[in-house]
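All values derive from a computational prediction rather than experimental measurement. Scope of the values below: all heavy atoms of this structure, side chains included, with no hydrogens, waters or symmetry mates.
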Amino acid sequence: MADDTRRPRLLDVLSADQAWEVPDAWVAGVRARLKAWADDPAALRPLRAEAFPDFVKGTPAAVWFTHQVAPLLSGWIPVLHGEYADLSTELTHEFYRPSSRLGGNGHVIYVAHTDWHLQAIAGARGFREAGRKQALQLSRDVVRLFVDAPPLAARAEALTAAFDRVLADRDVTQLHVTGEYDEIAKYWRTDALTPAERTLLPELAGPTAALRYSLNSIRDTHARMLMTSPDEYAGDFAQVLSELILAAGLRGIPQTVANILGDAAIDVHHALEDLRPRFSLQTWHGHVNQWMSRAIRNGQSPLARSWGAAAARVGVHLSGVLTGQPWPEPEIPDLTTLFRMLDRERWSALETAAAAEQDNSLAAAWSDVKVSEDKAQTGESSFEDGELPPKPVDLSDNPLAELDSLIGLDSVKDAVRRMVAEVKTNLRRTELGLPSHERARHMVFVGKPGTAKTTIARLLSRIYHQLGVLEKGHVVEVDRSDLVGAAVGSTAPMTAAKFREALGGVLFIDEAYSLTPENTPGDYGLEAVATILKMMEDHRNDCIVIVAGYHREMQRFMESNTGLQSRFPKLLSFSEYDTDQLVQIFELQARQKGMIYGEEVLDKVRTVIPPAPRGHSFGNGRFIRNVLEEAVSNQATRLSASDPDKLTERDLRELIPADVRPPTSMRAEDYLLQKPGT
């Protein structure tokens, strides 16, 4: 097992794609440069920062300026985490002696005025011209220290280039040497940066530009998150901004924000009016954490990081921190939990990679398992006590039998059987030349997440295909992002294309109510609904449309258009699983994975299932799937401490109670804090 003392020390900037393993040589190089400045007192005497109590007497201004700007080069309102989260102190520890400092592996949010890059120049205003010129050169040299630090490099290079242009232009240099500070600050806000540099350093253009950047970043990042990781609670930009406003303790849109939003402020105002009576900060944190966790598990960590950084920036603006107000408590969003998820993912990946390097013998053990499975098919066994591993039954050719094998869902199974009987009866009527009594086959599925709505849609498509009702028997799963375009005229073609893709099978529209959001009469989703209704009429026998979602929201959706109720005559209600059924699902899924377990494992599973009533977003079958996946992962971690050559097939298949824990992405206590839904 690797020695923890050799584990790399990290600087994790949330807005960056990944954490940076800080090389010792880089830190030593920066510290050596700072010491060289300190050892040259003649050159830096005019700029000593002896007035600052936390710095050692005689500290040169170069060290003080390095301490001030280092974290800010990582972004506007950056969030830093890891062993080097307190980057300034780590680099200037020979000179900086604070009364308290960041400990452990926490995180910190940095904020400075929008003229932070001019602090050395501002401090030199009382000096002669030579001292002011020296401050200008010093600013450039300090920033240049960070051009080879990946999370800081882009902004450091842009700011260095701007300082270089200033130093190369006699008139602009003279402005910095002799001009009033307000003139210098105005120059940087209007003329100092190229468009590309301004994109990297938006706050240097002033407070309004910084706020506009922050609002644009959460809007754009939120849209990308919705496209890659759809979520039933994460609404549009107006909703997420309203949630951030309410989380900051405000009741309305700040005027500065409204000025930047323009006409979009009306949408935010409506969203605020809708959310305010039922908004719970604790519940909102829970929903966001689940969303971020799912995105991270699905390989979208960089996007989740960008969303968290953007939301934190907006939270700081809204909370008034920039104007001297106290930090929001708790932080907006829940950055502690977000970093815990990212850490867990990173170390899991590292451990997996390390295990792969020394896993030749373990791979051989898994090869033995394959041999054992082959033996099992011929009646042989490699288990010490003769027990054969459980083998799941293949029901791929018998969807009705697969339906019967599902846990629970008695009312749904009965409804499907009646639909099958109806189809068979009408087929026989047609054969005999009798009139058919068929109704439209389009359906509404209502129920909480993880209650097998998508599974039943897939089975129905296969059943109808076997009966000859559907030509292909496939399922096209869509949500709002697949049907609704961002521009006028783009929604109808997108919706029609998805409908045509589903011809011969089932079009499954998840969270269909998102197509008709409340209090938004001009929303493009209404066009998608109209297009679907028309194509259902044009292709009434070529496609089955199933709309799905929560019961209350789906009721609102069905009432939003007079043509919907008549076209969806069947409603299937999916009940939440009780604890016994969830345990049975665990057993079924474990057998499908070829795992073995004892009753004590099932007893442990019961303890991690939250008691009823469960939260509105409780994952049901998805929750149990995560419990099992977490158990298998924990088993692998446990076995990695053993000699791979001595692992038996039983060792590799057997789960023990210690392997079963609440899934890290969906801990049971998260659900107990949520208000149960209907």
Side-chain angles (χ1 to χ4, degrees), residues 229-234 283 286-298 402-403 405-413 415-416 443-460 475 477-479 508-514 546-554 572-593 602 605-606 608-632 660-678:
S229 298
D231 182 80
E232 62 186 291
Y233 289 104
T283 301
H287 292 161
V288 170
N289 290 341
Q290 291 173 30
W291 188 27
M292 295 298 104
S293 174
R294 186 168 66 253
I296 292 168
R297 294 198 316 273
N298 293 336
E402 187 173 342
L403 173 73
S405 72
L406 296 178
I407 306 299
L409 303 174
D410 292 341
S411 64
V412 172
K413 292 175 182 177
V416 172
M443 286 167 266
V444 180
F445 287 4
V446 296
K448 291 184 178 181
T451 49
K453 296 188 294 294
T454 306
T455 300
I456 293 297
R458 293 169 182 162
L459 286 173
L460 272 171
V475 178
E477 300 174 35
V478 299
D479 57 20
F508 183 84
I509 307 175
D510 198 17
E511 300 176 343
Y513 48 82
S514 65
I546 299 176
V547 291
Y550 287 101
H551 187 283
R552 184 170 51 201
E553 287 84 347
M554 288 304 297
L572 274 63
S573 181
F574 291 70
S575 301
E576 185 175 14
Y577 294 108
D578 62 30
T579 299
D580 289 337
Q581 290 172 334
L582 290 171
V583 173
Q584 292 175 43
I585 293 173
F586 179 93
E587 291 188 83
L588 177 63
Q589 294 180 352
R591 287 198 301 269
Q592 290 172 342
K593 285 182 175 289
L602 301 182
V605 171
R606 291 178 184 277
V608 303
I609 298 173
R614 303 184 179 99
H616 194 44
S617 62
F618 177 68
N620 285 280
R622 298 177 193 170
F623 177 87
I624 285 298
R625 183 180 65 231
N626 281 305
V627 171
L628 177 59
E629 291 175 352
E630 186 82 357
V632 174
V660 180
R661 305 171 198 164
T664 54
S665 59
M666 305 173 71
R667 292 192 181 279
E669 57 263 34
D670 293 339
Y671 295 101
L672 300 181
L673 300 175
Q674 298 176 20
K675 183 178 180 180
T678 59

Can you measure from [atom1] ([X]) to [atom2] ([Y]) and round to the nearest 0.5 angstrom?
X: R297; Y: M292; atom1: CZ; atom2: CE; answer: 12.0 Å
X: I407; Y: I624; atom1: CD1; atom2: CD1; answer: 11.0 Å
X: Y513; Y: E553; atom1: OH; atom2: CD; answer: 5.0 Å
X: I509; Y: S514; atom1: CD1; atom2: OG; answer: 9.5 Å
X: Q584; Y: L602; atom1: CD; atom2: CG; answer: 10.0 Å
X: R625; Y: I585; atom1: CZ; atom2: CD1; answer: 11.0 Å

Shortest non-hydrogen separation from [X] to [Y] and the atoms involved:
X: L628; Y: A590; answer: CD2-N, 3.6 Å
X: S229; Y: W291; answer: O-NE1, 2.6 Å
X: A452; Y: Y577; answer: CB-OH, 3.7 Å
X: T451; Y: S575; answer: CG2-O, 3.6 Å
X: V475; Y: A457; answer: CG2-O, 3.9 Å
X: V412; Y: S573; answer: CG2-O, 3.5 Å

Please step through side-chain contact (heavy atoms from CB on, under 4.5 Å) for the pair V416 and L460, ending with a clear verdict. CA-CA 8 Å; V416 172; L460 272 171; 3.9 Å; yes

For F508, the ring pair (Phe, Tyr, Trp, His ring centres under 6.0 Å) test, sequence neighbours excluded, returns none

Which residues satisfy the ring pair (Phe, Tyr, Trp, His ring centres under 6.0 Å) test with F586, sequence neighbours excluded? none

Is a side-chain N or O of K413 found less than 3.5 angstrom from the main chain of G408, in a donor-acceptor match? yes

Has E630 got a side-chain atom pairing as donor or acceptor with V627's backbone, closer than 3.5 angstrom? no

Would you indicate whether the side-chain heavy atoms of L582 and F623 approach each other to under 4.5 Å? no

Test salt bridge (Lys or Arg N to Asp or Glu O under 4.0 Å) applied to R458 - qualifying residues, sequence neighbours left out: E477

Exactly one of I456, V446, T455 should register a side chain to side chain contact (heavy atoms under 4.5 Å, CB included) with F574. Which one does? I456

